[in-house]
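These notes concern the structure reproduced below.
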There are 2 protein chains.
Amino acid sequence: MDPKSKSRRELLKGGAAAVGAVAASASVSKIAFAQTPASGALPSYAENEAPMIPLTDDLIGYGVRSHYVTSKRIPSTTGYAISPDEFGLSFHVATPLQDSIGTIQASSLHYTATTKKTFIPDIDPAKHTLMIDGLVDRPRIFTMADLKRFPSVTRFHFIECNSNSAAPTDKTVQQTHGLTSNAEWTGVLLSTLFKEVGIKKEASWFVAEGAEEEKGASTIPMLKGMTDVIVAYGMNGEALRPQNGFPVRLIVPGFEGIFNTKWVRHIKAVDQYQLNMNDYGHLNRTALGAAMIYQIGPKSVITFPSGGQKLPDHGWYEITGLAWSGQAAVKNVEVSTDNGKTWHIAELKNTPHPMAHVRFGYMWNWDGGEHVILSRTTDAIGQVQPSREQLAKALGVEFTPQYRPPGNNNTIMKWKIASDGSVTNGLA
Amino acid sequence: MDPKSKSRRELLKGGAAAVGAVAASASVSKIAFAQTPASGALPSYAENEAPMIPLTDDLIGYGVRSHYVTSKRIPSTTGYAISPDEFGLSFHVATPLQDSIGTIQASSLHYTATTKKTFIPDIDPAKHTLMIDGLVDRPRIFTMADLKRFPSVTRFHFIECNSNSAAPTDKTVQQTHGLTSNAEWTGVLLSTLFKEVGIKKEASWFVAEGAEEEKGASTIPMLKGMTDVIVAYGMNGEALRPQNGFPVRLIVPGFEGIFNTKWVRHIKAVDQYQLNMNDYGHLNRTALGAAMIYQIGPKSVITFPSGGQKLPDHGWYEITGLAWSGQAAVKNVEVSTDNGKTWHIAELKNTPHPMAHVRFGYMWNWDGGEHVILSRTTDAIGQVQPSREQLAKALGVEFTPQYRPPGNNNTIMKWKIASDGSVTNGLA
């Protein structure tokens, strides 16, 4: 397989000799890991060649992940499912937050929620158009090429399904919080297109419709459309994926996921709130009330250690997770390792952007005892993520260990660490 | 395929009626596209159902891109190729910058350069270790689990091959500049590990070796190792890809790509510069001289419109591209559409981070005439990207249209736009 292995072995032989002194040195670690390997042992492939992956034209053109990495999305246990009798099954798949690294989700792992369980649109971008009409001066139909001629924006934003909630019965963070994801989105501001078509002064709302069966329509305040909504064709450096709305979708920063219309094809400026297929969560509310609850509250969750994981031994770990708010950037994140008695300011790993995930970390020396660990977020406009007890009190309902807040649940998540290092849902 | 298409068609029928008024409206565009579609035409799928993609378990677990998106990496024409007689063929594949969107490259499209043309290491992360020894107090061997217990950092950085250069004979931006890519990297700072093992005061350099045949070794100043080098296991929100060093690599921000050792397994603190397989570009230079030229200069390139693309008609376009510096963040980018006679400050689309790509944009109303378009970067420490003429003068060599600067070529790139809208390399 490798005609040059001789020279490589010679190189390694030299390397092995050079590091021979290691064996005689004491191994003293400042962060004492119980599993510290015996000093002086050479990396395994120093004597055994690492296996090789043959490169094909396909792999050269578009690389894939290692076969050792098997992290995947799973059907959500908390996703809203429209009755199969009436509208067909829903497709809600949660991102594996327990394996998440950094601040964005790879496009292949970004959560998806849509109406149909088994099919998504297969749209030819050369034929796709976006029509903007209604209460406008110059109704227009934009091709994808048209959209790309306008000035672009590139921004980090999370999207979260309204149903992304922590239930005491869920076992993993993928199940409790996997219906939120963060990505770098590129597109044209909807406000740019609205200025192009000329919005009439009586247009106070707009309706966005996607090529998504019964579900893809939402009514959104015009103020939001004139602020930061993106008509996005790019995601994480390449074209959108079909499961995330290829060739174009709305990004409505901080609003419930369902408003981020995928496969968007029609936007209509209107003068009143319009009930539609997306209003299951907003029925019996006023238009103003509906608009006000669109925005995801300040929220955070610890992704490591989290349910189903196990700490191998006592000692130092970085407790890490994600924090976000639907109304501002994250200001700070606090972590508690004693069930909320004391709190510590966590380190933010990236620049907080408005309506985007922030990765936080807090170094913790686990003593091997039982602990309940928590995180809570304060956003830049001063809102603090509440506990379930606080929310129940605010809503005037009796709190029980099984309490699951209604709607957009941004309450504090708890993970319980047992003395054997195993981690379980700490809510119940 | 879709039992609910009846209700969908009814919905669409209502939509069609609602937008009937469009046909009677005048289509007046503020940004006049010649290809503005006829007002009143409905989106194509309003009457014809969009085809559907059936979702399999694999697609639900880990999504893929649309079959309409075929952007891919190609073998580099400018990559350094070690003589096949001596060391085997090299593997240099360039990212398709002409299709790039936003600021990062998707991991599947990130450029790769390594020694062997047809194989890359297939490393089991459970067996992989990183040894740090040499002039240290406490030599250590770290497992991947060990590395993940240290405090993490998440940062955007570009990597660029030293050979990434614009030649007058290259046709596309993928060929001229495709050996640079930008990603979100997550890992532990090398300085954290160095503090863990205790660097002796006489250690002024370190050598990093990867599991990469003959090539994977570099000598890097200890000052750099104590500053911002990352031992990275995460990339764009998931584990590194095999082609980018899975399970762990060095990120040496701003230094030539070859120092960003992939599949890193051994780091040795030493007291002098060590010549090794990576020094082809630095032979006959002093240690200090070698260290000084490691850093990529301030650089930029227009990715749209670029060679091989064609503007469909005169009118407004966003000239867009990427800018970076190996020694600081980007301060600003200027664009010229008259071969450098006049310059305009471009809009930066994302927050400039040190040693990371910035996306820039400049709106331009193309008059249909012949133009040569250019971009140039100034970084935060005041360095300005030079023209080829300026560099030739500084180096004391005679400039010719075919002049190709040696080594790390950060000179200004030109694209020529013909009156038919076709774009070609404007250097010659």
Side-chain angles (χ1 to χ4, degrees), chain A residues 19 22 25 28 30 33 37 43-45 50-53 55 60-63 65-66 68-69 72-73 88 93 101-102 104-106 108 118-123 125 127 129 133 138-139 141 146 149 151 154 184 186 196 211 213 234 237-239 241-243 246 265 317-318 349-350 359 363, chain B residues 4 8 19 22 25 28 30 33 37 43-45 50-53 55 60-63 65-66 68-69 72-73 93 101-102 104-106 108 118-123 125 127 129 133 138-139 141 146 149 151 154 184 186 196 211 234 236-239 241-243 246 265 317-318 349-350 359:
Chain A
V19 302
V22 176
S25 303
V28 181
K30 290 199 292 180
F33 297 144
S44 57
Y45 35 76
M52 289 280 166
I53 301 170
L55 287 171
I60 289 172
Y62 198 75
R65 62 182 183 169
S66 167
Y68 289 108
V69 179
K72 66 175 184 177
R73 307 185 304 178
V93 292
I101 291 172
I104 60 174
Q105 266 60 52
S108 294
T118 51
F119 297 97
I120 51 172
D122 181 20
I123 296 176
K127 296 179 181 169
T129 55
D133 66 349
R138 299 172 292 275
I141 294 172
D146 289 339
R149 287 181 67 172
T154 290
E184 182 189 80
T186 296
E196 186 74 8
E213 302 301 321
E238 57 183 352
R241 299 293 184 80
Q243 295 190 27
F246 178 80
R265 62 180 177 183
Y317 293 91
E318 184 172 58
K349 302 289 185 177
N350 59 305
R359 169 69 58 181
M363 288 303 292
Chain B
K4 298 294 167 194
R8 184 182 179 202
V19 302
V22 174
S25 303
V28 180
K30 290 201 294 182
F33 299 143
S44 56
Y45 35 67
M52 290 280 164
I53 301 170
L55 287 170
I60 289 172
Y62 198 74
R65 62 183 182 167
S66 167
Y68 288 108
V69 179
K72 66 175 185 178
R73 306 185 306 177
V93 290
I101 291 173
I104 61 174
Q105 267 59 51
S108 294
T118 51
F119 297 97
I120 51 171
D122 180 20
I123 296 175
K127 295 179 182 169
T129 56
D133 66 350
R138 297 171 295 274
I141 295 174
D146 290 340
R149 287 180 66 171
T154 290
E184 183 191 80
T186 296
E196 186 75 8
N236 292 339
E238 57 182 352
R241 298 292 183 80
Q243 295 190 26
F246 179 80
R265 60 181 178 183
Y317 294 91
E318 184 172 60
K349 302 289 186 176
N350 59 305
R359 169 68 58 180

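Only a predicted model underlies this, so the values are computations on that prediction, with no experimental measurement involved. Residue numbering restarts at 1 for every chain, and letters A, B, ... go by the order of the sequence lines.
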- Item | Under 4.5 Å from any heavy atom of chain A - which part of B/Q243 | side chain
- Note on the structure: Assert top hit (heavy-atom pairs under 4.5 Å, partner chain B, pool A/R65, A/E184, A/R359, A/R241) equals A/R65
- Heavy-atom closest pair (A/P242 atom, B/S66 atom, distance to 0.1 Å) is CD-N, 3.4 Å
- Checking heavy atoms, do the side chain of B/Y62, its backbone, both or neither come under 4.5 Å from chain A? both
- Note on the structure: Interatomic distance, CG@B/N236 vs CD@A/Q105, rounded to 0.5 Å, equals 11.5 Å
- Contact leader toward chain B among A/D122, A/I104, A/V69, where contacts are heavy-atom pairs under 4.5 Å: A/D122
- Provide the closest heavy-atom pair for A/G63 versus B/S108 in the form atom of the first, atom of the second, distance. O-OG, 2.7 Å
- Note on the structure: Residue from A/E238, A/K349, A/R73 scoring the most non-hydrogen pairs under 4.5 Å with chain B is A/R73
